[in-house]
Amino acid sequence: MPFDPVVSPGETPASVTDRIAAITLDRQTPLWWWAAFGLALAMLGVGALSVGTLFGRGVQAWGNNWPVMWGFDLINYVWWIGIASGGTLVSSLFFLTRSAWRTSVNRIAESMTIFAAMCAGIFPIIHLGRPWFFYWLFPYPNTMTLWPQFRSPLLWDFIAILAYVFSSAVFWFLGLMPDVAALRDRARGRAAQLFYGVLALGFRGSGAQWRRYHAAYGVIAGIMTPLVVSVHSIVGLDFAAAATPGWYSTQYPPFFVFGAALSGFGVVLVLLLPLRALLGLHDYVTERHLDVLGRLLLTASLAVSYCYVMDAFDVFYSGGEAERRQFAERISGLYAPVYWLTLLMNCAVPLLLCWRGLRLRPWVLGAVGLSAVVGMWLERFGIVVAVLHRTNLPSAWGDYAPTWVDFGTLAGTLGLFGAGFLLFVRFLPVVSIAEMRQMIGTGRVG
Amino acid sequence: MIVAGFPGPDALQDAVRRLRAAGVEAETRTPYALPEDDGAPGSTRIPLVALGAGLGLGAAGFAMQCWATMRSYPLLIGGRPDFFWTSYLVYALECGVLGAVAAAFGAFLIANRLPRLWEPGDESEALRDATRDGWLLVVHGPAAPARAVLRPLNPAPFEEIEA
């Protein structure tokens, strides 16, 4: 069956530039934007109140307690960084494979990555007993003549996140430069000219600038792809390096990378589909994109399903009594609904996308994406809480219940993500104008 | 300074070649990279700079961890030896990534002499089309020989700007 091209026929470099720039420069801020931004700010306020309470009362304000010493802090951290990783995969991996469909969605995926990584970075800092000393993680010369503990996996996380956030921000900004230069040259108001002029840093599209731009962009894309795999593998290693039944497994690094891809593709869909309708992007986000993203989500879901099977297989293959007891608890104990819901939302629901007719329906695709996003959060809950509440020693068993501060902090990060993403949608081009121009100009529109 | 526009990449590259044959250097301004970039001299060393910085900072990160755990602050952690190289790899890798990405971006800015928020060509309305669908060139040198080469090609627009 023939597919739509990745851009509607009739689009030219000029029309693409004008239409995408007009979304930012000429449109009145729509009502839906104000409503969504207001909601995001309200959630951010709840988050600020929760974090203020946490700083005032200490980590006892959270539900974390022995033996479940990790709770929402670790769940949310892993969940957010997974979402971020999925965005990078869309953006950098499919840049290297020269996939034409990537051009319409890479800016949204990269922006999602930036704000999701910011949300993830908050949790390791606020979970510290004295968060104002977070900079002790930096190996800086100090009067105490102390060093960070380089043999601890927790320090791996710190440097991995630092490298990831920095590299993602540079990758995003470099990709934006030709586009904000286009906005600078189209803007009519003085404030807009100054704003986009400063952001463009003086990019003018000279031959030398383009050649160096492509060299730098290609190098960074080449680094980002293995980096994103390494970052989420390191998050997986944090668990696998612990001698805890349910965590101590060599499959954790790839298992986490597949999960990251699933949640990341899910969020891309959840954001892309409403934006397509609200901003009128149907000429740039066509049925081809829905089909490809649906297939990607399905593939990630199948990979995650395989990992769930191996997770169960390992329990019985290893023969460990604690492992078996722990697994029995996961599937039939206090947190069993979390386990079964995880399977339903991450494995069963995405199977709907096997049918092309369903894959091309935006509301089905969006619902499946949302299911995967929620399912991945539940998976992280199961991994962190359900595992820790039944470890090796029966004397070290206990339950976990999150407090309002836990939920408030999660809501706060959702608000931060939403507010940041909405500001991006309002003030920066949501589709890469320069790449779109090149794709249309050189006739690579599939 | 002369600004001249052409209908497409082929005509623009032809004009650049003619100017070069007459001993005049021109800078292209285009909506996307020219397929065969004749407009700018030399190839870019950005990938090499990124590789060098990545390897250098990666090695420095590894060396720093050796120094910290073996000499400056040896501490018995979980029975691990002071020189525990497998544990250093992740940190060293991420240091290398930070170095390579920062170097690639830094080299891009330095080689292009950015940020440069204003230059005389910004006064030309025609040059703004380069970020839309304009295929333009800019000649910074003496105007007379450039004018002689460009006039017969009927460029549109054609502007002479006081630099």
Side-chain angles (χ1 to χ4, degrees), chain A residues 12-14 17-18 139 145-153 155-156 159-160 162-164 166-167 170-171 173-174 178 181-182 184-186 197-198 200-216 218-220 223-224 227 230-231 234 237 433-435 437-438 441-442, chain B residues 9 27-35 37-41 43-44 46-47 50-51 54 61 64-65 68-69 72-73 75 77-78 80 84 87-88 90-91 93-95 97-98 100-102 104-105 107-109 111-119 121-122 127-133 138:
Chain A
T12 63
T17 308
D18 294 343
T145 67
L146 288 173
W147 286 90
Q149 182 44 254
F150 291 112
R151 287 166 295 181
S152 159
L155 203 67
W156 299 348
I159 189 73
L162 186 70
Y164 183 56
F166 175 78
S167 306
V170 168
F171 191 51
F173 183 71
L174 187 64
R184 172 199 62 201
D185 294 341
R186 310 271 92 68
V198 170
L201 298 182
F203 188 91
R204 292 177 176 85
S206 74
Q209 282 185 344
W210 275 124
R211 199 180 57 251
R212 292 177 188 128
Y213 169 84
H214 284 295
V219 164
I220 297 176
I223 293 170
M224 290 303 291
L227 175 67
S230 86
V231 168
I234 289 167
L237 278 176
I433 302 173
E435 288 187 30
R437 272 197 309 251
Q438 179 163 25
T442 53
Chain B
E27 180 187 297
T28 56
R29 296 288 181 88
T30 56
Y32 51 89
L34 285 165
D37 185 12
D38 289 347
S43 62
T44 173
I46 288 176
L51 178 67
M64 178 186 71
Q65 295 178 82
T69 55
S72 179
Y73 193 67
L75 188 67
I77 293 286
R80 294 163 188 160
F84 194 52
S87 188
Y88 304 159
V90 170
Y91 203 96
L93 170 82
E94 303 296 343
C95 286
V97 165
L98 271 173
V101 171
F105 186 61
F108 168 77
L109 293 181
N112 287 316
R113 297 203 176 93
L114 300 178
R116 194 169 69 241
L117 300 187
W118 181 86
E119 63 175 38
D122 293 348
L127 269 183
R128 292 185 189 175
D129 267 351
T131 53
R132 185 171 178 264
D133 65 344
V138 180

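Order of the sequence lines fixes the chain letters, A, B, ..., with proteins taken first and strands second; residue numbering starts at 1 for each chain. Small disclaimer: the values here were computed from a predicted structure and weren't measured.
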**Request:** Tell me, with the steps shown, if I159(A) and L98(B) meet side-chain contact (heavy atoms from CB on, under 4.5 Å).
**Result:** CA-CA 9 Å; I159(A) 189 73; L98(B) 271 173; 4.2 Å; yes

Toward chain A, the part of [X] with a non-hydrogen atom under 4.5 Å:
{"X": "A107(B)", "result": "neither"}
{"X": "L51(B)", "result": "neither"}
{"X": "A50(B)", "result": "side chain"}

Within this structure, what is the [atom1]-[atom2] distance for the pair [X] and [Y], rounded to the nearest 0.5 Å?
{"X": "S206(A)", "Y": "R29(B)", "atom1": "OG", "atom2": "CZ", "value": "6.0 Å"}
{"X": "F105(B)", "Y": "I220(A)", "atom1": "CZ", "atom2": "CD1", "value": "7.5 Å"}
{"X": "R211(A)", "Y": "F108(B)", "atom1": "CZ", "atom2": "CZ", "value": "11.5 Å"}
{"X": "Y32(B)", "Y": "E435(A)", "atom1": "OH", "atom2": "CD", "value": "13.5 Å"}
{"X": "R212(A)", "Y": "N112(B)", "atom1": "CZ", "atom2": "CG", "value": "4.5 Å"}
{"X": "F203(A)", "Y": "L114(B)", "atom1": "CZ", "atom2": "CG", "value": "8.5 Å"}

**Message:** Is it the case that over 12 heavy atoms from other parts of the model lie below 6.0 angstrom from the CZ atom of R113(B)?
**Reply:** no

**Message:** What I want to find out is whether D122(B) reaches R204(A) closely enough, with some N-O distance under 4.0 Å, to be called a salt bridge.
**Reply:** yes

**Request:** Output yes when R132(B) and D185(A) qualify as a salt bridge under the 4.0 Å nitrogen-oxygen rule, no when they do not.
**Result:**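 A salt bridge is absent here (no side-chain N lies under 4.0 Å from a carboxylate O).
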
**Message:** As an exercise: rank A14(A), A216(A), G202(A) by heavy-atom pairs under 4.5 Å with chain B and give me the winner.
**Reply:** A14(A)

**Asked** Looking at A434(A), G218(A), A163(A), which has the largest count of heavy-atom pairs under 4.5 Å with chain B?
**Response** A163(A)

**Message:** Checking T131(B) against R184(A): is there a side-chain donor and acceptor pair closer than 3.5 Å?
**Reply:** no

**Item:** Side-chain H-bond candidate by donor/acceptor type, Q149(A) with T69(B), under 3.5 Å
**Value:**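 The criterion, which ignores hydrogens and geometry beyond distance, is not satisfied for T69(B) and Q149(A).
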
**Request:** Select one option (side chain, backbone, both, neither) describing which atoms of Y164(A) are under 4.5 Å from chain B's heavy atoms.
**Result:** neither

**Request:** Give, as side chain, backbone, both or neither, the part of T442(A) having an atom under 4.5 angstrom from any heavy atom of chain B.
**Result:**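 Both backbone and side chain.
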
Check [X] against [Y] and note the closest heavy-atom contact, atom names and distance.
{"X": "A104(B)", "Y": "V219(A)", "value": "CB-CG1, 4.2 Å"}
{"X": "V97(B)", "Y": "S167(A)", "value": "CG1-OG, 3.8 Å"}
{"X": "G197(A)", "Y": "L117(B)", "value": "O-CD2, 3.7 Å"}
{"X": "D133(B)", "Y": "P13(A)", "value": "CB-CB, 4.4 Å"}

Verify, without hydrogens or angle tests, whether [X] (side chain) and [Y] (backbone) share a donor-acceptor contact under 3.5 angstrom.
{"X": "R80(B)", "Y": "R151(A)", "result": "yes"}
{"X": "W210(A)", "Y": "T30(B)", "result": "yes"}
{"X": "R437(A)", "Y": "P31(B)", "result": "yes"}

Within the 4.5 Å heavy-atom criterion, are [X] and [Y] side-chain neighbours or not?
{"X": "L155(A)", "Y": "V90(B)", "answer": "no"}
{"X": "S230(A)", "Y": "E94(B)", "answer": "yes"}
{"X": "T145(A)", "Y": "Y73(B)", "answer": "no"}
{"X": "M64(B)", "Y": "F150(A)", "answer": "yes"}

Selection from [options] maximising heavy-atom pairs under 4.5 Å formed with chain A:
{"options": "A68(B), G61(B), P47(B)", "value": "A68(B)"}
{"options": "S72(B), A100(B), C95(B)", "value": "S72(B)"}
{"options": "S87(B), A111(B), G121(B)", "value": "S87(B)"}

